[in-house]
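Down below is the structure, laid out as structure tokens.
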Amino acid sequence: SLSLLAAPLACAQTAPMAPDIAATPFQAPDNGADYVKRIVMIPMRDGVKLHTVITIPKGAARAPMILSRTPYNAAKRSERNVSPHMASMLAEGDDGYVANGYIRVYQDVRGKYGSEGDYVMTRPLRGPLNDTAVDHATDAWDTIDWLVKNIAQSNGKVGMVGSSYEGFTVLMALADPHPALKAAVPMSAMVDGWRGDDWFHNGAFRVNNLSYIAGQTATRGSGPNIATGVYDDYEFALRAGSASDYAKRFGIDQLTFTKKIFEHPAYDSFWQNQALDRVLGARPLKVPTMHVVGRWDQEDIYGPYAAYAATEKLDTTNTMNHLVVGPWRHSGVNYDGSSLGAIRFTGDTAAEFRRDVMLPFFNQYLKDGAPKADTPPVLSYRTGANKWQRLDKWPLTDVMQPLYLKAGARLDFDKPAAAAANTSAQADDYVSDPAKPVPFIPRPVRMFDGAVWKPWLVTDQRSFSDRPDVLTYVSDKLEAPLQISGQAMVNLFASTTGSDADWVVKLIDVYPDEVASQPELGGYQLGIAMDIFRGRYRTGLDKPAAITPNKVERYRFALPNADHVFLKGHRIMVQVQSSWFPLYDRNPQTFVPNIFFAKPGDYRKATHKVFHAPGMESALELPVVPAGK
Ligand code: PG9
């Protein structure tokens, strides 16, 4: 009735225009979470504040802290899942810290996501390339200083961990470490962007970086994805032309870091001065460090070994510096390590390492009263033999045994005999055509699809061994296992009818025709150590020089480290080719001042010859060690 409608309201109602986001911060009731999250802006010495997410186990007291400094969004890195349980919420690789009561800290590096300041890609240390007062060493120092003074639940001890870029920021902190930084585990760290990590390998540019640069530097947050409109990245990159033409299509050429890369195609002071192995090798070793890398690390397969080698010289007591190599992809240490592509291991090798090796190492230095860990100088998962090995040093040998490339597509350890009469027995040739480059994985190439990209280094190389532009040499079946533990050296005598050339050399384990335990591996060609070298740098990495057409020249470069047993009944294969596309930009095969700006007319077919004649014995020098060492 009317009187009912007019009745006064029983209780006060919220005004329709009351702000729906209140001025006082929202306080959720306790949901039984086993952690407390503190989000703070930590001031650096120049006044810039860095966004830091600190997850503290409830009830923590005298807990150690583990810090990662990231360009990949600290908020997201601290929350894999929405959960009241710290173990479910944090990253898979953080499992051990949670189980052991650690405080976990993620911080956005300056200029990214929630942090203030300017972003500079892999910001160099203060010095010739950085005239500011700050770098990642000072930012780590200031952060650790703040953490130990402001986190009441901590015991004042900090460890740093992180993979790839986050591994790079761990190494940077070691350049001038805060006294509270007690242990460090850089994983798959980017160390030298030119020699063999993310941007180049021996001068050949990795085209997939253009998309990475857009994603990282177009905005402070997450930048745009590249929409090519072509399913096959091979097809798209080929149509695009040079790497600068590719970049132009998406405006990536306007981004500052792209400009820096295009301005420094050679190993000049820009790259040399920021190579972290050089930097760390010239400073005292103060913090116990465990360098970790994946055997098939498709992004940073060079740097972790280089950083270990440079700092190992400083470890006079042989107690501070360690190397761990697992059978993993890039950053695979933080995920399931039971298999990689078709290759299976003895269990979850990554979880085993984190639980049995890394955590005891951190505990020793960070947890009050923890026992000394039994950490070997080097821990290596020996592939082929499929076994973890505790080693005293790396590499196991410096003695190299040449494996000769011979006429008839053969490969063996005997030095080629006296002069061969006819020229066809002296060299093998192929036509390298930049219009039909050799793909790095079978087409269609889906370079930006993680499921394809992550295991690509274990791709079956059979798809390439029969191409007319790939030379393939193969040994007899091995009558006894053959172990290599170190870096194979390429020693190639080769010529081209062009004036520049790339050389890709692959050391491959050919499985027997049948593999009873895993039939699909019958005849598999597994890449053990593979890399590319840009011929113009043969006489100096900082000195590009044209190749004289048809002149035989020597190309010498190291392949990535391997600790592998070629088992009895397997064969050894070497493949040689002159493109690896579209991962690496094409060499136009005509010498131009800067390959980034090569014009369509510069890309020309050339005939390449690989020699196996007296005085020109092309070989792969192998670090062979007696089995079982
Ligand atoms: N490999 C990536 C990267 C590191 C440093 C610079 C550029 C890229 C990464 O996974 O973080």
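Counting starts at 1 for both ligands and their atoms, following the listed order. A quick note: this is a predicted structure, and the numbers were derived from the prediction, not measured. In what follows, every heavy atom counts, from backbone to side chain, and hydrogens, waters and symmetry copies are set aside. FYI, the numbering just counts along the sequence from 1.
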What atoms in ligand 1 come closer than 4.0 Å to a heavy atom of [X]?
X	answer
Glu299	1 (N), 2 (C), 9 (C), 10 (O)
His330	1 (N), 9 (C), 10 (O)
Asp300	1 (N)

**Prompt:** Nearest to atom 5 (C) of ligand 1 by heavy atom, Gln216, Gln298, Met190, Glu166: which?
**Reply:**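 That would be Met190.
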Strictly below 4.0 Å, N to O, side chains only: are [X] and [Y] in salt-bridge contact?
X	Y	value
Lys259	Glu263	no
Asp46	Arg110	yes
Glu299	Arg329	no
Asp253	Lys248	no
Arg206	Asp198	no

With respect to [X], determine whether any N or O atom, backbone or side chain, lies less than 3.5 Å from an N or O atom of ligand 1.
X	value
Asp198	yes
Trp199	no
Tyr212	no

**Item:** Taking atom 11 (O) of ligand 1 as the reference point, the nearest protein heavy atom with its distance
**Value:**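 So the nearest neighbour among protein heavy atoms is Tyr72 OH, 2.4 Å.
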**Item:** Protein residue, atom and distance nearest to atom 2 (C) of ligand 1, heavy-atom basis
**Value:**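 Its nearest protein heavy-atom neighbour is Ser164 OG, 3.0 Å.
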**Asked** With no hydrogens and no angle check, is any side-chain donor or acceptor of Asp460 less than 3.5 Å from a backbone partner on Gln525?
**Response**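 Yes, the answer is positive, given that a donor and an acceptor are paired below the 3.5 Å cut-off.
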**Asked** Quick one: which of Asp139, Val105, Asp108 gives a side-chain contact (heavy atoms from CB on, under 4.5 Å) with Arg69?
**Response**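 Result for side-chain contact (heavy atoms from CB on, under 4.5 Å) with Arg69: Asp139.
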